[in-house]
Number of protein chains: 2
Amino acid sequence: MITLSEENYIKAILTLSLKSLEKVSTNSIASEIGTTAASVSDMLKKLLEKKLINYEKYKGVSLTNKGRVLATTIIRKHRLWETFLVDCLNFDWSEVHIVAEQLEHIQSEKLIDKLDKFLEYPEFDPHGEPIPTKEGIIPNSNAIPLNKLNTFTKGLVMGVTLDEKKFLHYLTKLNISIGTKITIEEKIDFDNSLNIKINDSFHHVSSNVAKHLLIKIIK
Amino acid sequence: MITLSEENYIKAILTLSLKSLEKVSTNSIASEIGTTAASVSDMLKKLLEKKLINYEKYKGVSLTNKGRVLATTIIRKHRLWETFLVDCLNFDWSEVHIVAEQLEHIQSEKLIDKLDKFLEYPEFDPHGEPIPTKEGIIPNSNAIPLNKLNTFTKGLVMGVTLDEKKFLHYLTKLNISIGTKITIEEKIDFDNSLNIKINDSFHHVSSNVAKHLLIKIIK
DNA sequence: CCACTTTTTTAGACATATCTAAATTTTATT
DNA sequence: AATAAAATTTAGATATGTCTAAAAAAGTGG
């Protein structure tokens, strides 16, 4: 069972992860949530225990795949509820946030699927932010395929353009999922394959893999 | 600030109050909520502190006016959300309860007013239960005016049919509000006035007052 | 490379909400 | 009215999530 408080931390960690390449710091989480570094430190132990984050003392935090899926789901719920509040209930877009912060924690997959359908599968919330899919993918405007990036460009994986079991399985093996940080280390002219850095380890991927990975450039 | 847990207790107390004339017992609350009598005992102290209940050790519980208003609001929210789930999202009426149990605790008066409007001010939820008004009145099907009741009939005040300041002020003075238990002690033929028992004290009311009080007969 | 600053963690409290087991009060029965 | 049974409360624990203050680790500049 994941508590409301844990959900808020996981969401904050994703939000911060999307802003920079660095691992997320205890202090940044504290200021994002509006609490103390001590409280964050306590909570990180619990989140590690539940395998929602990767965490070493004094070394910062990143989300595990499980954590990323959870965080994305919460953001999906938040943005769908915001859409409902503005489109159906005629709320002003500026006042929906606090209400959606409560609604995003309602536990019912069925509810959110039915709400999605009722709203006719909106792609963007009232603030223009993309609504993550049921599968945990954050559809992205500024995301471009990995093979179009220049050497030494850094970016975050925002989604994939191929929904094939073997492909997704391969990505998992490479430790690539939504939100994973990738740096282009070298482009090989011969076959358009790439040497890339995934988190802290180096890998080689084919052009065919690269063209199906959507990346948002950061920093 | 009222916590989620406190809201659940207050709601349970109203539910039980509407079923019988007796003061609500610790054990009945425990089985309604699904907890132990010890936990209920602890919580009752907190609710008394917050002036949401009338409570004396070993003597049972009743809601104060403040508590009744809160409880009615929660039921209003619950029933409006159930209506939304069934009418808009095509949930089956049998599966909405657990989701509505979560949604009923969302804190936003504006949200519930707008939802009410969106649903076009429904009078009954999908289970046929009346939806309390914004003012905390539980509209009632089987409620009849106090002056139509026979001697020694017992009932609960379900609403009023006169929305006049002086009238409501007078009811407050008599300690009458939604959910108050009334027994007809004597009907006076001369002017159709009544001697009634309100909770444990006796009062005399005019025919004019009696005809504007809606009562649901119990037991 | 050593001292200073910043960041992070730990230690120890506190509040909420729950539990089990024991004590107390009320109620029912003989 | 005494005693047994039932209901209720208290005592003492536990778990979550928070805090302040102190300790420890990491980073920074002369």
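Order of the sequence lines fixes the chain letters, A, B, ..., with proteins taken first and strands second; residue numbering starts at 1 for each chain.
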Undergrad: Are B:Lys181 and B:Glu22 within salt-bridge range, i.e. N to O under 4.0 Å?
TA: no
Undergrad: For C:dT10, does OP1 or OP2 lie under 4.0 Å from any side-chain N or O of A:Lys57?
TA: yes
Undergrad: Any side-chain heavy-atom pair from B:Leu194 and B:Ile188 closer than 4.5 angstrom?
TA: no
Undergrad: Rounded off to whole Å, could you give me the CD1-to-C1' distance for the A:Ile29 and D:dG17 pair?
TA: 16 Å
Undergrad: Go through the steps for A:Ile75 and A:Thr72 under the test side-chain contact (heavy atoms from CB on, under 4.5 Å), then give the verdict.
TA: CA-CA 5 Å; A:Ile75 289 174; A:Thr72 312; 5.6 Å; no
Undergrad: Starting at the 5' end of DNA chain D and moving along, which residue's nearest nucleotide shows up first, A:Thr36 or B:Val24?
TA: B:Val24
Undergrad: When the ring planes of B:Phe84 and A:Trp81 are compared, do they come out parallel, tilted or perpendicular, using 30° and 60° as the limits?
TA: tilted
Undergrad: Between atom CG in A:Leu47 and atom P in D:dT16, what is the gap in whole Å?
TA: 12 Å
Undergrad: Please evaluate residues A:Lys134 and A:Glu109 with respect to the criterion salt bridge (Lys or Arg N to Asp or Glu O under 4.0 Å), reporting the C-alpha separation (whole Å), side-chain torsions for both, the decisive distance (0.1 Å), and the verdict.
TA: CA-CA 9 Å; A:Lys134 190 168 157 53; A:Glu109 203 183 321; 2.9 Å; yes
Undergrad: Would you classify B:Ser41 as touching base, sugar-phosphate or nothing, given that sugar-phosphate means primed atoms plus P, OP1 and OP2, and contacts are heavy atoms under 4.0 Å?
TA: base
Undergrad: If you restrict it to nitrogen or oxygen atoms, what contacts under 3.5 Å exist between nucleotides 12-16 of chain C and the protein, and what is each distance?
TA:
none

Undergrad: Take atom CD of B:Glu22 and atom P of C:dT26, then tell me their distance rounded to the nearest Å.
TA: 17 Å
Undergrad: What is the separation between atom CD1 on B:Ile33 and atom C1' on C:dC19, rounded to the nearest whole Å?
TA: 15 Å
Undergrad: Below 4.0 angstrom, which residues in residues 7-18 of chain A have at least one non-hydrogen atom near DNA chain C?
TA: none
Undergrad: Rounded to the Å, how far apart are B:Met43 CE and D:dT9 C1'?
TA: 16 Å
Undergrad: Would you mind telling me which of C:dC19, C:dT8, C:dT10 lies closest to the side-chain atoms of A:Thr26?
TA: C:dT8
Undergrad: Is A:Asn8 close to A:Glu104 at the side-chain level, that is, under 4.5 Å between some pair of heavy atoms?
TA: yes
Undergrad: For C:dT8, does OP1 or OP2 lie under 4.0 Å from any side-chain N or O of A:Asn27?
TA: yes
Undergrad: Could you tell me how far apart B:Leu48 (CG) and D:dT9 (P) are, to the nearest whole angstrom?
TA: 11 Å
Undergrad: For a quick test of reading the model: is some side-chain N or O of B:Ser39 closer than 4.0 Å to OP1 or OP2 of C:dC19?
TA: yes
Undergrad: Do the non-hydrogen side-chain atoms of A:Ile182 and A:Leu156 ever get within less than 4.5 Å of each other?
TA: no
Undergrad: Taking the side chain as C-beta and beyond, is there a heavy-atom pair between A:Glu7 and A:Leu70 under 4.5 Å?
TA: yes
Undergrad: Just so I know, are the side chains of A:Ile33 and A:Tyr9 near enough to count as touching, which here means a heavy-atom distance under 4.5 Å?
TA: yes
Undergrad: So, do B:Leu103 and B:Lys77 sit near enough that their side-chain heavy atoms are less than 4.5 Å apart?
TA: no
Undergrad: Between A:Lys45 and C:dT10, does any side-chain N or O lie under 4.0 Å from OP1 or OP2?
TA: yes
Undergrad: A:Ile2 CD1 to D:dG17 C1': how many Å, rounded?
TA: 16 Å
Undergrad: To the nearest Å, how far apart are A:Met1 CE and D:dG17 P?
TA: 10 Å
Undergrad: Is there a side-chain contact between A:Tyr58 and the phosphate of C:dT10, meaning an N or O under 4.0 Å from OP1 or OP2?
TA: no
